[in-house]
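Everything below concerns the one structure shown next.
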Amino acid sequence: MNEKLTKPYDPKETEGRIYKMWEKSGFFNPDNLPERHQLGKPFVIVMPPPNANGDLHAGHSLFITLEDIFTRYYRMKGYRALWIPGADHAGFETQVVYEKQLEKEGRSRFNMEPEDLYREILDFTLANKSNMERQVREMGASCDWSREKFTLDADVVAEVQRTFKKMYDDGLIYRGLRIINWCPKHQTSLSDVETVSEEQRTPFYYFKYGPFEIGTTRPETKFGDKYVTMHPDDVRYKDYQHGQKILLEWINGPVEATVIKDEANDMEMGTGVMTITPYHSQVDFEIAERHNLDGEQIIDWRGRLLPIAGELAGMKIGDAREKIVDKLRSKALVTRVDENYTNVVKKCYKCNTVIEPQVKEQWFVKMKPLAELAIAALDKKELTFIPDHQEKVFRYWMENSIDWNISRQIVWGIPIPAWLCDDCGTSHVELDIAATPKCSKCDKAMRRDADTFDTWFSSGQWPLLVTNYPDGQDFGTYYPTDIMETGHDLVFKWVPRMVIFGLYLSKRVPFHTVYMHGLVNDAQGRKMSKSKGNVISPSQLTDKFGTDALRMALVIGNTPGTDLALSEDKVKGQKHFANKLWNIARFVLDNSAEETAKPRSITPGDEAILKNLRAAVESITAHMDNNRFYLAAEEIYHYIWHEFADKIIEEMKPRLREGDSASPGGSAEDRVDNRQSAQYTLRVILETSVKLLHPFMPFVTEEIWQILREGKSLLMVEPWPQS
RNA sequence: GCGCGGUUAGCUCAGUGGUAGAGCAUUCCGUUGACAUCGGAAAGGCCGUAGGUUCGAUCCCUACACCGCGCACCA
């Protein structure tokens, strides 16, 4: 028995050793690949940089597996395969994680100097970054660590700031006083994709407002309301003229209200009449803009009422609601209350705090012209989606894009290279940090904008940044990349931004194919969550069953874009498969030690078996080329176990024994030929099988290859089998 | 309200215009050398409902039902 093929297969003993061997070979870097590859084309995948703020979860394992399969397959096919890893500082996300830690320690970021907070989060992130990198290695990722980038690397920061300046100069970024999503807990604005909408039941109040009855769900914002609006075509109110003034009694005394006719009013909604609060509502703000109306802030940044609320000033808005209704009731201004009303509120996607719309000066990206670039690329078929129905979602977002707020009031991020004048509000974009510009209007010294960029602003440029746009050698060689593999939840968050920045900055799409995977759910198909206690940790699974087993379990039966139910049994089954292959290898080696060269003759039966093998190779290769890894994996599994092991090996056993023969009438020489044909055939099938399986189960296949070739070559760079 | 996806074996999921597939689970049988992390066999499905197209539909079209997800300025 071959002494290296101990039984059973031991992933723990093997994986670390094999990974070190791969890394030492230098072949993760395509520039070091053998000559065969240097003649090939590049094949490039950019890794969605994992957040450097915690452990890898099952979703990470899935994307690492898929991207590694791509990379290993194309590397074996002779491409200069490059998979560029990264780490994301994950601005707001990480700051939220860190703030939770501060809270536990009884501290708060609002009592800290920004520099100290930044330094603490940096230490925290760097510690997590190396943890994350170790876990990516453990998954067997054959990415080029020499090209790894962190989203806060100095060159990244500088390039992102240059992009901001360029967009500003091109009129694609402006500073505007607009309605933004404000999280009162985290004290920052958020983009629309950083909020979640939730349905809630809330009373719908009807108040007497002069001659009108108005409807609202937010009485607490109504103090300053002095415009009453209705649809211009609403016959019920045809006697009131646009601009008409009406004196009426309101919360804190008499008010002179102005009638505004605007089409934003829904005649079906409530009474068709409402008052507007431009500073705390998107619709109201837009109506005010259209008619050039004024407004004022009613709720402060902490979510408390401002002095306009009179005796209720300083009260949290949640507590103030009933008080205001009581007050209106005492003035006989409440007409009725509908208790069974449901509406939708936006919440902070991290802390679930209700978002307060606020008016604030921020930097915005003008999305329409950029989105049009993306739509054009789609129309020209420069971009394809797997599964293809994701294209519709992408297109919808591009056709309905709204300007993107990129200012965040947090320290953990890339500083916005801008200066502001506190006196007159003038802003100035300046890349030179040492500069201390003066206001062009009032000549006063300007203040550095303390805000940082939304992380999507930098990660949107990721394919460019990791290839060292615009002057780096990699940009010339490896950009545009080939495939962007990421979760389908990012189809309208990250993907469009990469497409847009790619088209805007480099005039080319950053990748031609978007491959989207689904969520990894628990065995019953339920979303994993800490509160449900059904989170499956990948490290536990790999500890128990080996990395190869987890990888295979994540791929088999997992169609692109579809969520996956991951069960321990499934992984266990694949551990059995790895062991099966291991035992096959031992059997073949034990029975073919004497001769591996092509024998004098191959029996017709063996020819048929090899022909069948070639058919399997052809079919599997077709699946790989069509990005149908789930089918390829299943077919390899089936071939190895139920064809190779169950049938071929079993049928060959008699032929392999000394002094035995499948053709008893033959001479001793015939019997040797027959045995050698069998040995050769087994060996060919084993080597081919191991190659086919390598992208999926890299560790066990490489280990077997090392034993087969006595350490003289690496399976990782072997040619993919020909059919 | 709009959009997207799903509905196939007990479970998790593939798949195809021409008699339905895998893994796991179940039942029965089988262990002297590759492997019990095994082998052999069996059982199990009017492919969500109703129409339509077709010689033929689980597959294509329409409607509906249910499940999941996403979006939304409904005061």
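Lettering follows sequence order; numbering is per chain, from 1.
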Using the C1' atoms only, state how far B:C67 lies from B:U8, rounded to an integer number of Å.
15 Å

Is any side-chain N of the basic residue among A:Asp284 and A:Arg218 closer than 4.0 Å to the acidic one's carboxylate O?
no

Provide the distance between the two P atoms, one in B:C59 and one in B:G51, to the nearest whole Å.
14 Å

Separation of the C1' atoms in B:A14 and B:G52, to the nearest angstrom:
28 Å

Short question: side chain of A:Asp606, backbone of A:Thr681 - any donor-acceptor pair under 3.5 Å?
no

Side chain to side chain donor-acceptor pair (under 3.5 Å), paired with A:Gln706, selected from A:Glu703, A:Arg709, A:Glu702
A:Glu702

Shortest side-chain distance from A:Phe492, nucleotide among B:G70, B:C35, B:C13:
B:G70

Return no unless some side-chain N or O of A:Lys570 is found under 4.0 Å from OP1 or OP2 of B:C11.
no

Watson-Crick or G-U counterpart of B:C46, or none if no pair lies under 3.5 Å
none

Could you state the atom-to-atom distance from CG of A:Asp262 to P of B:C73 in whole Å?
16 Å

What is the pairing partner of B:C11, taking Watson-Crick or G-U wobble pairs with both distances under 3.5 Å in any strand?
B:G23

So, is the end of the A:Lys653 side chain (NZ or CZ) under 6.0 Å from the ring centre of A:Phe587 and within 45° of the ring's axis?
yes

Euclidean distance, atom NE2 of residue A:His623 to atom P of B:A14 [Å, nearest integer]:
15 Å

Would A:Tyr206 and A:Phe204 count as a close aromatic pair, with their ring centres under 6.0 Å?
yes

Quote, to the nearest angstrom, the C1' distance that separates B:U49 from B:U58.
14 Å

Under-4.0 Å side-chain N/O to phosphate OP1/OP2 contact, A:Ser197 with B:C71:
no

Looking at B:G15, I'd like to know if its phosphate oxygens (OP1 or OP2) sit under 4.0 Å from a side-chain N or O belonging to A:Tyr630.
yes

Take a 6.0 Å sphere around CD of A:Glu268 and say whether it holds more than 12 heavy atoms from other residues, nucleotides or ligands.
no

Applying a 3.5 Å limit to both distances, which nucleotide forms a Watson-Crick or G-U wobble pair with B:G3?
B:C69

For atom CD1 of A:Ile704 and atom C1' of B:C35, their distance in whole Å:
12 Å

Nucleotide paired to B:G51 in any strand shown, Watson-Crick or G-U, under 3.5 Å:
B:C61

Please report, rounded to the nearest Å, how far the C1' atom of B:A22 is from the OH atom of A:Tyr637.
9 Å

Strand partner of B:U31, provided both Watson-Crick or wobble distances fall under 3.5 Å:
none

Say we look at B:A57 and B:U53: how far apart would their P atoms be, to the nearest angstrom?
11 Å

Interatomic distance, A:Asp192 CG vs B:C73 C1' [rounded to whole Å]
11 Å

Please evaluate the base of B:A72 for a donor-acceptor partner in the side chain of A:Lys346 within a cut-off of under 3.5 Å?
no

Report the distance from atom CD of A:Glu568 to atom P of B:C11, rounded to the nearest whole Å.
21 Å

Would you measure the distance from the P atom in B:G6 across to the matching atom in B:C60 and give it in whole Å?
10 Å

Does A:His488 have a side-chain nitrogen or oxygen under 4.0 Å from the phosphate oxygens OP1 or OP2 of B:C69?
no

Provide the Watson-Crick or G-U wobble partner of B:C74, both distances under 3.5 Å; none if there is no partner.
none

Flag this pair as yes if the NZ/CZ of A:Arg551 is under 6.0 angstrom from the six-membered ring centre of A:Phe696 and inside a 45 degree cone about the axis; otherwise no.
no

Between CG of A:Asp338 and P of B:C74 the distance, given in whole Å, is 17 Å

Check this one for me: any side-chain N or O of A:Trp641 less than 4.0 Å away from OP1 or OP2 of B:C35?
no

Tell whether A:Lys580 reaches the base of B:C35 with its side chain through a donor-acceptor pair below 3.5 angstrom.
yes

For a quick check, tell me whether the side chain of A:Gln282 and the base of B:A72 share a donor-acceptor pair closer than 3.5 Å.
no

Does B:U16 have a Watson-Crick or wobble mate here (both distances under 3.5 Å), and if so which one?
none

Any side-chain N or O of A:His642 less than 4.0 Å from the OP1 or OP2 oxygen of B:G23?
yes

If each of A:Ala585 and A:Lys647 is mapped to the nucleotide of RNA chain B with the nearest heavy atom, which maps nearer the 5' terminus, i.e. the 5' end?
A:Ala585

If the C1' atom of B:A9 is compared with that of B:G39, how far apart are they to the nearest Å?
24 Å

When you compare B:A43 with B:A36, how far apart are their P atoms, in angstrom units rounded to a whole number?
28 Å

Could you work out which one of B:G5, B:G39, B:A34 sits closest to the side chain of A:Lys392?
B:G5

In whole angstroms, the gap separating P of B:C38 from NE2 of A:His576 amounts to 5 Å

